[in-house]
Peer 1: 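Just dropping this structure here.
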Amino acid sequence: MTDDSDDAYCLVDATRPPKTDGPPYAECVQCRKPTEYPETYKGITLCPVCEWQEAQRTACSG
């Protein structure tokens with residue numbers, strides 16, 4: 001049985017922290033710019049630019 005969806009090829013867990021409605025925002029762990037995530041979130045947070053770059057680096061080729 002074959003599954004043609006992107007999920008069949010990607011093994012990277014794409015879970016994200018919940019986005020916040022306003023400040024204070026968590027800092028990006030790579031560039032220290034504000035992210036879209038709450039400051040209270042504990043874990044790895046990336047700004048939209050770094051998040052996009054990380055997605056490009058880990059993108060699945062199929």
Side-chain angles (χ1 to χ4, degrees):
M1 181 167 104
T2 61
D3 187 356
D4 293 331
S5 71
D6 289 338
D7 293 336
Y9 299 104
C10 296
L11 300 176
V12 177
D13 183 16
T15 57
R16 295 182 181 185
K19 293 189 177 180
T20 185
D21 294 329
Y25 298 108
E27 285 185 345
C28 176
V29 296
Q30 292 181 353
C31 70
R32 299 290 187 204
K33 291 184 180 178
T35 66
E36 299 175 339
Y37 307 110
E39 192 175 61
T40 57
Y41 180 77
K42 302 297 180 204
I44 296 173
T45 54
L46 299 172
C47 71
V49 172
C50 291
E51 197 170 89
W52 181 83
Q53 290 172 344
E54 183 67 20
Q56 292 297 309
R57 281 192 291 273
T58 60
C60 300
S61 59

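This one's a predicted model, so the numbers in the text were calculated from it and none came from an experiment.
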Peer 1: Please report the shortest heavy-atom distance between C28 and C47, naming the atom on each side.
Peer 2: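 The pair with the smallest heavy-atom distance is SG-N, 3.4 Å.
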
Peer 1: side-chain contact (heavy atoms from CB on, under 4.5 Å) for V29 and L46? Distances and angles first, verdict last.
Peer 2: CA-CA 6 Å; V29 296; L46 299 172; 3.6 Å; yes

Peer 1: Identify the two heavy atoms, one from P48 and one from P34, that lie closest to each other, and give their separation to 0.1 Å.
Peer 2: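 Closest approach of P48 to P34, heavy atoms only: CD-O, 4.5 Å.
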
Peer 1: Restricting to non-hydrogen atoms, name the atom on Y37 and the atom on E51 that form the minimum distance, rounded to 0.1 Å.
Peer 2: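 Closest heavy-atom pair between Y37 and E51: OH-OE2, 2.8 Å.
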
Peer 1: Enter the distance from Q30:CD to I44:CD1 here, rounded to the nearest 0.5 Å.
Peer 2: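 If we round to the nearest 0.5 Å, Q30:CD and I44:CD1 are 9.0 Å apart.
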
